Amino acid sequence: QVQLVESGGGLVQAGGSLRLSCAPSVRTFSRYAMGWFRQASGKERELISRINWSGTSTYYADSVKGRFTISRDNAKNTVYLQLNSLKPEDTAVYYCAADLTYGVLSSNPQYWGQGTQVTVSS
């Protein structure tokens, strides 16, 4: 059973920064495509960023492009999401997700974290 453990959420003022981390409980982390989704209250869950197994290919939703940065450290079995220039509309539960693939993360990944709350005050 793959478990994804997220950390780093919290309350921050608009314009501030946070860094989310996700550490899957797997021995072959480098075989997994990783990504982050978010779900705001009353809205559908959306993919905001993904990264391939080697870190050489990334994707960002238009709503976060230029402000968020995804990265991974395969030696530490961890994927990160750096959130800069945060806006109140970034308030949501952020979910780490993973697929066992050398391709890109799917729209409905195999594995999910429990979610971490990010709240941005104005």
Side-chain angles (χ1 to χ4, degrees):
Q1 182 72 16
V2 175
Q3 292 184 324
L4 279 62
V5 181
E6 299 137 332
S7 61
L11 174 64
V12 64
Q13 289 187 332
S17 298
L18 287 172
R19 188 175 79 158
L20 307 183
S21 300
C22 174
S25 61
V26 296
R27 292 191 296 177
T28 55
F29 176 66
S30 62
R31 294 176 61 189
Y32 288 77
M34 303 295 300
W36 293 89
F37 290 71
R38 70 183 180 188
Q39 186 167 21
S41 180
K43 296 187 177 181
E44 293 188 355
R45 187 171 57 198
E46 61 171 337
L47 172 67
I48 55 171
S49 187
R50 66 184 180 208
I51 188 167
N52 72 334
W53 68 277
S54 62
T56 56
S57 176
T58 57
Y59 161 85
Y60 298 94
D62 287 343
S63 57
V64 306
K65 198 173 295 182
R67 300 187 299 120
F68 292 7
T69 303
I70 192 169
S71 62
R72 66 189 294 161
D73 185 337
N74 286 348
K76 295 183 178 180
N77 274 29
T78 304
V79 62
Y80 305 96
L81 187 67
Q82 179 68 40
L83 289 63
N84 294 332
S85 302
L86 282 161
K87 305 175 182 179
E89 52 263 43
D90 294 318
T91 295
V93 179
Y94 284 68
Y95 296 93
C96 178
D99 275 325
L100 180 59
T101 178
Y102 286 120
V104 298
L105 189 75
S106 71
S107 59
N108 188 21
Q110 297 168 280
Y111 307 107
W112 293 87
Q114 79 285 357
T116 185
Q117 177 70 44
V118 171
T119 302
V120 184
S121 63
S122 57

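No experiment lies behind these values; they were computed from the predicted model shown. For this chain, numbers begin at 1 and follow the sequence in order.
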Student: Considering only heavy atoms from C-beta outward, does the side chain of Val120 approach that of Leu83 to under 4.5 Å?
Tutor: no

Student: Roughly how far, to the nearest 0.5 Å, is the CZ atom of Arg67 from the CG atom of Leu86?
Tutor: 6.5 Å

Student: Mind listing the closest non-hydrogen atom pair of Pro88 and Ser122 along with its distance?
Tutor: CG-CB, 3.9 Å

Student: For residues 19-31, dump all side-chain donor-acceptor pairs below 3.5 Å to protein atoms at least two apart in sequence or in another chain.
Tutor:
residue: Ser25; atom: OG; partner: Gln3; partner atom: N; Å: 2.9
residue: Ser25; atom: OG; partner: Gln3; partner atom: O; Å: 3.2

Student: What distance separates Asn74 CG from Met34 CE, expressed to the nearest 0.5 Å?
Tutor: 10.0 Å

Student: A side-chain contact here means heavy atoms from C-beta on lying under 4.5 Å apart; do Val93 and Phe37 qualify?
Tutor: no

Student: So if you build clusters from Ile, Leu, Val, Met, Phe, Trp, Tyr with side-chain heavy-atom gaps below 4.5 Å, do Val2 and Val5 land together?
Tutor: no

Student: If you measure from CD on Gln82 to CD1 on Ile70, what distance do you get to the nearest 0.5 Å?
Tutor: 12.0 Å

Student: Could you pull out every donor-acceptor pair under 3.5 Å between side chains of residues 97-113 and any protein atom, sequence neighbours left out?
Tutor:
residue: Asp99; atom: OD1; partner: Gln110; partner atom: N; Å: 2.8
residue: Asp99; atom: OD2; partner: Ser106; partner atom: N; Å: 2.8
residue: Asp99; atom: OD2; partner: Ser106; partner atom: OG; Å: 2.8
residue: Thr101; atom: OG1; partner: Gly103; partner atom: N; Å: 2.8
residue: Ser106; atom: OG; partner: Asn108; partner atom: N; Å: 3.3
residue: Ser106; atom: OG; partner: Asn108; partner atom: O; Å: 3.2
residue: Gln110; atom: OE1; partner: Leu100; partner atom: N; Å: 2.7
residue: Trp112; atom: NE1; partner: Pro109; partner atom: O; Å: 3.1

Student: Can you check whether Lys76's main-chain N or O pairs, donor with acceptor, with Thr78's side chain at less than 3.5 Å?
Tutor: yes

Student: To the nearest 0.5 Å, tell me how far Leu47 CG sits from Tyr95 OH.
Tutor: 14.5 Å

Student: Of Glu6, Arg38, Gln117, which is the lone residue that meets side-chain hydrogen bond (donor to acceptor under 3.5 Å, both in side chains) with Tyr94?
Tutor: Arg38

Student: To the nearest 0.5 Å, what is the distance between CG on Asn52 and CZ on Arg72?
Tutor: 7.0 Å

Student: Starting from Trp53, can I reach Trp36 by hopping between I/L/V/M/F/W/Y residues whose side chains sit under 4.5 Å apart?
Tutor: no

Student: Work out which heavy atom in Gly9 is nearest to a heavy atom in Val118; give both atom names and the distance.
Tutor: CA-CG2, 4.2 Å

Student: Side chains of Val79 and Tyr32, heavy atoms from C-beta outward: is any pair under 4.5 Å?
Tutor: no

Student: Just wondering, do Thr69 and Tyr80 contact through their side chains at under 4.5 Å, heavy atoms?
Tutor: no

Student: Under the salt bridge (Lys or Arg N to Asp or Glu O under 4.0 Å) criterion, do Asp90 and Lys87 qualify, and how do the steps go?
Tutor: CA-CA 5 Å; Asp90 294 318; Lys87 305 175 182 179; over 6 Å; no

